[in-house]
2 protein chains.
Amino acid sequence: MSIDRRSGCPINLSLEVFGDRWSLIILRDMIFGGRRHFRELLNGSLEGIASNILADRLKRLMELGLLTKADDPSHKQKAIYSLTEMAITLVPIMAQLGAWGRVWLPVTEELSIRAELLEKGGPPLWEQFMDELRHEHLGAPSKTAPGTPTVRQQLRAAYEEVVARKAEAVTA
Amino acid sequence: MSIDRRSGCPINLSLEVFGDRWSLIILRDMIFGGRRHFRELLNGSLEGIASNILADRLKRLMELGLLTKADDPSHKQKAIYSLTEMAITLVPIMAQLGAWGRVWLPVTEELSIRAELLEKGGPPLWEQFMDELRHEHLGAPSKTAPGTPTVRQQLRAAYEEVVARKAEAVTA
DNA sequence: GCAACTGATTGCAAAATGCAATCGGATAGG
DNA sequence: CCTATCCGATTGCATTTTGCAATCAGTTGC
């Protein structure tokens, strides 16, 4: 279940980590959607991942060092998945991927607004977002001044604004 | 052979384009290795792609608009594959992917020196590289001042320097 | 006690992958 | 010419991966 190491090329090795159709989707939902539980990932996924694939990928991502698993104190069967630093530093890749897809592929407006915001914010915004993720997932001290909205809140607000505007356009 | 469109999310759509183990490898060899012919891609690949997979992916990448094919005037059977603007704008993604892999994965020094150079050069270097690719593949006018080494030459020189140094370390 | 929910696992069919052999046409050397 | 080599693929076939549906045993709330 570890990587093949077809070559020592960094692009190849990166591809061996998430060169499949689901690994990055799961990480996307954890990073941007804030999902931490198996069911959240299973039911919340727009793309409809199957439970066995999800289980397999979570296991694989743990073995590769991108995720850790811990018991949820509120429920003896619940597991909480956390991003590691290795996964948190994927934010710039996600941002570039989103920016590229937004230009060249048939994205929907409400789903691409977040990519747009992340692109406009550039590396400083990515850094802030990564700090928030470190706080959330690794227990690191938060560097952002209290009172300022989190990046995820900003992304969510932008998304909901588009959805509301589109709904209004329909009913108007 | 087109993409599924499981959702309109830009990250998902990008993943449907090159969320497999070979598409990005082929594009990497074309972008960084300057390969344009079937055989070059087949034999030059470090990872050892099979000919049927290569043929399949080239066809797919053409259908998706990332590559074009033209006859080679020097040989009636040879085909020259060219990158489109869509593929050329993958350079920042490749750079980020390489930078991430270099940090977190067991890369070899000689193969990661290019990623390091590309990371250090940042967006300005990426832009210069994309301009060179546009010149090479799309016939666009070259913007770089004559006499300055091309980015690919710089990458190649850095690679060969590492190889030479390592060879010396062995024989010394 | 029982229905709903937790993170998974199993069986199975379909699709993708990887390998080896091969194709018909084009070219280069003698 | 003739033959060896190279050209971009294609085919057949065994293996692996994928995706779906059903199911699991333990936990919780009522």
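Chain letters run A, B, ... following the sequence lines, proteins first, then strands; residues in each count from 1.
For A:Ile53, taking side-chain heavy atoms from C-beta onward, the closest of the listed nucleotides D:dA22, C:dA20, D:dG19 is D:dG19. Closest to the side chain of B:Asn52, out of D:dC7, C:dA20, C:dT17, is C:dA20. If you check D:dG26, D:dC7, D:dC20 against the side chain of A:Ala50, the one that comes closest is D:dC20. The side chain of B:His75 approaches D:dC7 more closely than any other nucleotide in the set C:dT17, C:dA21, D:dC7. For A:Arg21, the side-chain atoms get nearest to D:dG19 when compared with the rest of D:dG8, D:dG19, C:dT6. Counting only heavy atoms from C-beta on, B:Lys76 has its side chain closest to C:dT27 among D:dT10, C:dT27, D:dT27.
Whole-Å rounding puts the B:Leu15 CG to D:dT18 P distance at 13 Å. In this structure, B:Leu54 places its CG atom 11 Å from P of D:dT10, rounding to the nearest Å. The distance between atom NZ of A:Lys78 and atom P of D:dG29, rounded to the nearest whole Å, is 10 Å. For the pair A:Ile25 CD1 and D:dG19 C1', the interatomic distance rounds to 15 Å; values are reported in whole Å. If you take CG of A:Asn43 and P of C:dC5, they are 10 Å apart, rounded to a whole angstrom. Note: CD (A:Gln77) to P (D:dT27) measures 6 Å, nearest angstrom. Between A:Phe38 atom CZ and C:dA4 atom P the separation is 20 Å, expressed in whole Å. The CG atom of A:Asp56 sits 15 Å away from the P atom of D:dC20 (whole-angstrom rounding).
Within the structure, every side-chain polar atom (N or O) of B:Arg39 is placed at least 4.0 Å from both OP1 and OP2 of D:dC6. When the side-chain nitrogen and oxygen atoms of A:Trp22 are compared with OP1 and OP2 of D:dT18, none of them lie within a distance under 4.0 Å.
Hydrophobic cluster membership is shared by B:Leu90 and B:Leu67, with clusters built from Ile, Leu, Val, Met, Phe, Trp and Tyr side chains linked at under 4.5 angstrom.
The nearest heavy atom of DNA chain D to B:Arg6 and to B:Glu40 marks one nucleotide each, and the one closer to the 5' end goes with B:Glu40. Taking for each of A:Ser74 and B:Arg36 the nucleotide of DNA chain D with the nearest heavy atom, the 5'-most of the two is the partner of B:Arg36.
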Per-pair distances, 0.1 Å, donor-acceptor, side chain in residues 154-164 of chain B, under 3.5 Å, sequence neighbours excluded:
{"from": "B:Gln154", "atom 1": "NE2", "to": "B:Pro149", "atom 2": "O", "distance (Å)": "3.4"}
{"from": "B:Arg156", "atom 1": "NE", "to": "B:Glu160", "atom 2": "OE2", "distance (Å)": "3.3"}

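Side-chain N or O atoms of B:His135 include one that pairs as donor or acceptor with a backbone N or O of B:Ala140 at under 3.5 Å.
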* Kindly determine whether B:Glu132 and B:Arg152 satisfy salt bridge (Lys or Arg N to Asp or Glu O under 4.0 Å), including the steps that lead there. => CA-CA 9 Å; B:Glu132 289 170 17; B:Arg152 184 178 295 132; over 6 Å; no

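B:Val103 is linked by a side-chain contact (heavy atoms from CB on, under 4.5 Å) to nothing, counting only residues two or more places apart in sequence or in another chain.
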